[in-house]
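I have placed the structure first, in the form of structure tokens, so that the comments after it can refer back to it.
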Number of protein chains: 2
Amino acid sequence: MVQTVIPKATAKRLPLYYRYLNFLYNAGKKKVSSTELSEVVKVDSATIRRDFSYFGALGKRGYGYDVETLLNFFKKTLNQDHLTNVALVGVGNLGHALLNYNFQQTNNIRISAAFDVNPEIAGTIQSGVPVYAMDDMVNQLKIQQIDIVILTVPAEDAQAVSEQLIQAGIKGIMNFTPMRISLPANVRVQNVDLANELQTLIYFLDHYSKKDKLHHLQSS
Amino acid sequence: MVQTVIPKATAKRLPLYYRYLNFLYNAGKKKVSSTELSEVVKVDSATIRRDFSYFGALGKRGYGYDVETLLNFFKKTLNQDHLTNVALVGVGNLGHALLNYNFQQTNNIRISAAFDVNPEIAGTIQSGVPVYAMDDMVNQLKIQQIDIVILTVPAEDAQAVSEQLIQAGIKGIMNFTPMRISLPANVRVQNVDLANELQTLIYFLDHYSKKDKLHHLQSS
DNA sequence: CAAAACCTGTTATACTATTAACAAATCATT
DNA sequence: AATGATTTGTTAATAGTATAACAGGTTTTG
Ligand SMILES: NC(=O)c1ccc[n+]([C@@H]2O[C@H](COP(=O)([O-])OP(=O)(O)OC[C@H]3O[C@@H](n4cnc5c(N)ncnc54)[C@H](O)[C@@H]3O)[C@@H](O)[C@H]2O)c1
Ligand SMILES: NC(=O)c1ccc[n+]([C@@H]2O[C@H](COP(=O)([O-])OP(=O)(O)OC[C@H]3O[C@@H](n4cnc5c(N)ncnc54)[C@H](O)[C@@H]3O)[C@@H](O)[C@H]2O)c1
């Protein structure tokens with residue numbers, strides 16, 4: 001049953017499948033069953049089969065899925081067949097860590113430009129990435145045709161900086177600040193709220209664990 | 001309708017409500033309606049009312065919610081009335097950023113111990129937090145009665161280190177590595193998969209945005 | 001005080017996601 | 001080639017989440 005629009009929950013799992021298919025491929029594995037994959041990615045095998053089926057019949061009954069075929073399919077689907085450039089705004093603590101990491105490995109994503117208001121950082125190169133001043137931001141983003149930004153500025157600057165990003169025609173923001181920013185509806189925001197996640201983990205431990213030690217407790 | 005077990009989706013929003021209630025309180029606001037709160041936290045007002053109602057009747061019809069009362073209620077519910085100590089394992093790029101940040105602000109959470117295999121880091125103090133050698137880990141975690149760990153070791157060490165953490169009686173792991181670790185069912189894992197989130201954002205931009213510019217696109 | 005405006009808590013409904021179950025297809029083996 | 005073992009893709013059942021709608025209250029206003 002091929003569909004054009006895939007459920008959000010499925011879309012969120014695709015990069016995970018892709019990553020583990022890479023592992024399997026590099027380990028020389030030729031085929032994989034939904035049950036095997038389930039064990040490594042910690043997603044129910046029925047969910048995996050259902051997820052895959054949104055893209056058509058990718059497997060073979062009685063056999064499983066051909067690793068290479070599946071890998072290539074997801075590579076295209078996830079835009080991993082070409083490099084995606086993104087920018088980072090706010091080269092502080094967290095920004096530096098992300099710059100240095102730079103999503104190397106299997107992910108075909110690269111932070112190709114960074115921006116900071118601090119004149120001591122602006123104009124330098126950090127972990128191989130040029131850091132520009134804020135005045136250059138709108139212009140540079142347009143020149144480099146970047147439409148995704150990682151936002152790691154202080155909380156109090158999140159809204160103002162985001163509005164500048166809109167001016168630059170940005171389409172997606174990965175927001176590491178604890179603020180929920182207000183933006184036009186056509187801009188997608190992915191909030192990465194680390195303090196929230198940690199507090200949620202603590203809440204779960206205090207309120208759920210005692211009762212349901214039965215379930216499999218892998219969250220998110 | 002008071003309940004003992006709150007839906008997972010609700011639990012994940014509680015820290016966000018708590019954070020914004022703090023903002024409102026500090027801004028001198030006395031009362032708040034679900035509609036007002038909805039605008040700042042970007043959660044539907046009906047969802048907010050439903051979330052709150054799991055804890056009983058916290059508001060007053062025709063009036064709204066008393067900010068201070070609500071704040072104090074969530075403070076208790078979220079264990080924010082006392083300090084929670086957590087540990088961090090793997091003081092590299094990301095580990096350093098998290099150590100330095102240390103969830104100051106409104107969150108009553110503190111990283112009180114860190115661990116690393118690197119003998120140059122072990123034995124030092126980083127951002128005010130003592131870094132211990134791995135040999136001391138099981139012991140220190142037990143002494144300090146820490147049962148939550150932030151895991152920022154290289155991917156290939158994630159599983160092995162996690163198993164050591166189980167020995168130390170850890171109950172929750174915030175896993176920043178791209179690996180899905182295998183653990184006993186009574187240990188809760190919160191995966192923070194940054195590469196995954198970024199790839200998902202890219203996928204959403206490529207496959208959803210064109211069609212539904214209508215919706216409000218705030219994810220996660 | 002009566003009327004209008006407001007806002008919660010809950011009921012009803014719609015949507016989204018997960019999982020179990022199994023027929024249909026393939027593969028392995030004798 | 002027939003039997004048994006696998007494993008998909010899908011249907012059907014269940015679970016979980018979000019939102020609309022509104023009755024039952026509170027506050028505000030004329
Ligand atoms: N560091 C962490 O581990 C961590 C964890 C959770 C959340 N966060 C959030 O991530 C954000 C960044 O955290 P951090 O610890 O890296 O902070 P930081 O203060 O170390 O870095 C912020 C950087 O942004 C720059 N900046 C300030 N105003 C700016 C502006 N208007 N435009 C562009 N750049 C500007 C600063 O010069 C600085 O380099 C914060 O919102 C923080 O709450 C950080
Ligand atoms: N840095 C980022 O921005 C980023 C982003 C996404 C994911 N991650 C993930 O987070 C993890 C850490 O990333 P990083 O960039 O900080 O890596 P890093 O290499 O800078 O740091 C890893 C640290 O772990 C220590 N370590 C190694 N083996 C250990 C062991 N067995 N026990 C204890 N400590 C050990 C190392 O000494 C080092 O200090 C990785 O799994 C990475 O994939 C990082």
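By convention in this document, chain letters (A, B, ...) are assigned in the order of the sequence lines, proteins followed by strands, and residues within each chain are numbered from 1.
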Of the listed D:dT8, C:dC7, D:dT17, the closest approach to the A:Arg49 side chain comes from D:dT8
Atom CG of B:Leu37 and atom C1' of C:dC6 are separated, to the nearest Å, by 17 Å
Those residues at least two apart in sequence (or on a different chain) that pass salt bridge (charged side-chain N to carboxylate O under 4.0 Å, His left out) with B:Glu68 are none
By nearest-nucleotide position on DNA chain D, the 5'-leaning member of B:Lys31 and B:Val43 is B:Val43
Salt bridge (charged side-chain N to carboxylate O under 4.0 Å, His left out) filter on B:Lys31, not counting sequence neighbours, yields none
When rounded to whole Å, the CG to P distance for the pair A:Asp66 and D:dT7 reads 15 Å
Query - Presence of salt bridge, B:Lys60 and B:Asp66, under 4.0 angstrom - result: no
Comparing B:Glu36 with A:Thr47, nearest DNA chain C nucleotide closer to 5' gives the residue B:Glu36
- Query: Counting only distance, no hydrogens or angles, is the base of C:dG9 paired donor-acceptor with the side chain of B:Arg61 under 3.5 Å?
  - Reply: no
Side-chain contact check for B:Lys60: nearest option of D:dG9, D:dA20, D:dT26 is D:dT26
### Query
Are the aromatic rings of A:Phe23 and A:Tyr25 close, with centres under 6.0 Å apart?
no
Q: Examine D:dT7: is either OP1 or OP2 under 4.0 Å from a nitrogen or oxygen in the side chain of A:Ser34? Give yes or no.
A: no
If you go through the side-chain atoms of B:Arg50, does one of them form a donor-acceptor pair with the base of D:dT19 closer than 3.5 Å? yes
Here the distance between atom P of C:dT18 and atom CD1 of A:Ile6, to the nearest Å, is 14 Å
Rounded to whole Å, the CG-P distance (B:Leu70 to C:dC7) equals 15 Å
- Task: Using a heavy-atom cut-off of under 4.0 Å over every strand shown, decide if B:Thr35 touches base, sugar-phosphate, or nothing.
- Result: nothing
To the nearest angstrom, the OH-C1' distance between A:Tyr65 and C:dC27 comes to 16 Å
By nearest-heavy-atom nucleotide on DNA chain C, the more 5' of A:Ala46 and A:Ala9 is A:Ala9
Quiz item: Is there a donor-acceptor contact under 3.5 Å linking the side chains of B:Asp51 and B:Thr47?
Solution: no
Quick note, B:Pro7 side chain, CB onward, closest among C:dA17, D:dT17, C:dG9 is D:dT17
A:Tyr63 atom OH is separated from C:dA25 atom C1', nearest whole Å, by 15 Å
Between CG of B:Asp44 and P of C:dA14 the distance, given in whole Å, is 17 Å
Taken to the nearest whole Å, CZ/A:Phe52 to P/D:dT8 is 9 Å
